[in-house]
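Reading through the structure tokens given below for one structure.
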Protein chains: 2
Amino acid sequence: MTDLPASPDPAELAAPPKSRREQIHEVASRLFSERGYHATSMRDLAGELGMQGGSLYAHISGKEDLLMEIVDRAARQFDAALFTLREDPRPADAKLREAMERHIRVVADNMDSATVFFHEWKHLSPGAYARVTGWRDTIDHFYRDLLRQGIAEGHFRADLDVKMGANLILSAVNWAYTWYHPGGNLTPRDVAEGYAEMLLGGLRAPAAAEPGASP
Amino acid sequence: MTDLPASPDPAELAAPPKSRREQIHEVASRLFSERGYHATSMRDLAGELGMQGGSLYAHISGKEDLLMEIVDRAARQFDAALFTLREDPRPADAKLREAMERHIRVVADNMDSATVFFHEWKHLSPGAYARVTGWRDTIDHFYRDLLRQGIAEGHFRADLDVKMGANLILSAVNWAYTWYHPGGNLTPRDVAEGYAEMLLGGLRAPAAAEPGASP
DNA sequence: CCTACCGATCGGTAGG
DNA sequence: CCTACCGATCGGTAGG
């Protein structure tokens, strides 16, 4: 109820005005994720922004650069989310929970560009393509190192197959892009904690309980 | 070293001659998986088969029908692999291993069409689209039922979140299409057993071992 | 299975 | 940011 003079549009309070370039980037992420890169025309994209196809080129240099930047940003977000955990002093199981939560949060907060990241990177030029596989290797190694740390600490099973374990964890957190609904009743934290609980403790019942026994 | 008269081409011994239609289907799976549906032209497809673009239409009715059949077949393979397990009398943990092995085997034996199944189904017409989501629901329910059975039997933890557990399992087996290499040193059975072991028993060490302690 | 072609649409540019 | 346009390519067809 407080007056805020010289601020005519209340929408401008919540978010600073987005540059046209940023708007194009955002709509492109949505369309590329919904229809795929090649099935989205520059005229489709322009239409959603209320302009003509040719007008886009006043703001961007080309369709592929748009894709490259969407994929690049997504990759950097994954990397940034996990990077600060490398030097984290906590034990491996706590770090695994935290890493999975951050990883899923990146997916959840960027459903569109995460989908583009996973589906459309093969349409990039060889240079950008190589950069993406580099990011993915970095993330893979992060989880492998984490598992090795846990084994060395004695928190994880000594007979663990590190490669396979990292694959399993990556499957869980990446696949979220196919089913997670940001507006739903599950937060990224819920998912991460549920997954970590199952992964760390296992699905199997701790003791051989009698079937049908009541407490 | 035995003579086989009236069989001039030894390649015909291993595999019966594939119909042209089947060849088209096979090459289309590969191209759609490598480049995506919309980035593959009918002329690309025809070129790989040594014919002109227009000639394809003597064998098939259209591009989308090709996609629909590839996706349909993949869906049916997943369904068929798990269907016979519904009535299997084994305990849930054994059935889970078996289901994961069969599921991963379908992915591994059909890397191309599995990739198309996971990436290109959104380009189908609404009718075919609905059919695919139906298949996916069926598979999802299979794993949920399996988890419920395991809880009822007392083999699985009673506090298990069935939906999340099914999601975790599906993540593991489906994501294999992104990294599995059919010619490599890991069989689908290796992957399934490794995954099942980690999922059932958990990553955590059974007892609190001393870090650095030697046996 | 080929040649020749159809209308439609593509990414991108010139000039304003 | 628009109008008008470029050459290229698309899925598909006619007629043989």
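Labels below follow one simple rule: chain letters A, B, ... track the order of the sequence lines, proteins then strands, and each chain is numbered from 1.
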* Structure fact -> Nucleotide by nucleotide, nucleotides 3-16 of chain C touches protein heavy atoms under 4.0 Å in the pattern (B base, S sugar-phosphate only, - none) B-B----BBBB---

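- Using the six-membered ring where Trp is involved, A/Trp175 and B/Trp175 have ring planes that are perpendicular, over 60° apart on the 30 and 60° scheme.
- Every pair passing side-chain hydrogen bond (donor to acceptor under 3.5 Å, both in side chains) that includes a residue from residues 127-139 of chain B is listed here, sequence neighbours excluded: B/Asp72-B/Arg131.
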Donor-acceptor contacts, no H, no angles, side chain residues 144-151 of chain A, under 3.5 Å, sequence neighbours left out:
from     : atom 1 : to       : atom 2 : distance (Å)
A/Arg144 : NE     : A/Asp140 : OD2    : 3.2
A/Arg144 : NH2    : A/Asp140 : OD2    : 2.8
A/Asp145 : OD1    : A/Arg148 : NH2    : 3.3
A/Gln149 : OE1    : A/Lys95  : NZ     : 3.1
A/Gln149 : NE2    : A/Arg90  : O      : 3.4
A/Gln149 : NE2    : A/Glu153 : OE2    : 2.5

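- Side-chain atoms of B/Asp44 come within 3.5 Å of backbone N or O of B/Ser41 as a donor-acceptor pair.
- Legend: residues meeting side chain to side chain donor-acceptor pair (under 3.5 Å) with B/Asp190, ordered by chain and number and at least two apart, are B/Thr187.
- Contact check for B/Leu170 versus A/Trp179: no side-chain heavy atoms found under the 4.5 Å cut-off.
- DNA chain D is contacted by no residue of residues 119-128 of chain B, taking any non-hydrogen atom closer than 4.0 Å.
- Taking the six-membered ring where the residue is Trp, B/Phe118 and B/Phe78 present tilted rings, their angle falling between 30° and 60°.
- Rounded to whole Å, the distance from CG on A/Leu49 to P on D/dC1 is 9 Å.
- Side-chain N/O atoms of B/Asp112 and B/Ser29 include no donor and acceptor closer than 3.5 Å.
- For B/His103 and B/Tyr143, the ring centers sit closer than 6.0 Å to each other.
- Among the duplex regions that DNA chain C forms, those built from at least three successive Watson-Crick or G-U pairs under 3.5 Å are C:1-16 with D:1-16, ordered by first number.
- Residues A/Met164 and B/Glu197 fail the side-chain proximity criterion, which asks for heavy atoms closer than 4.5 Å.
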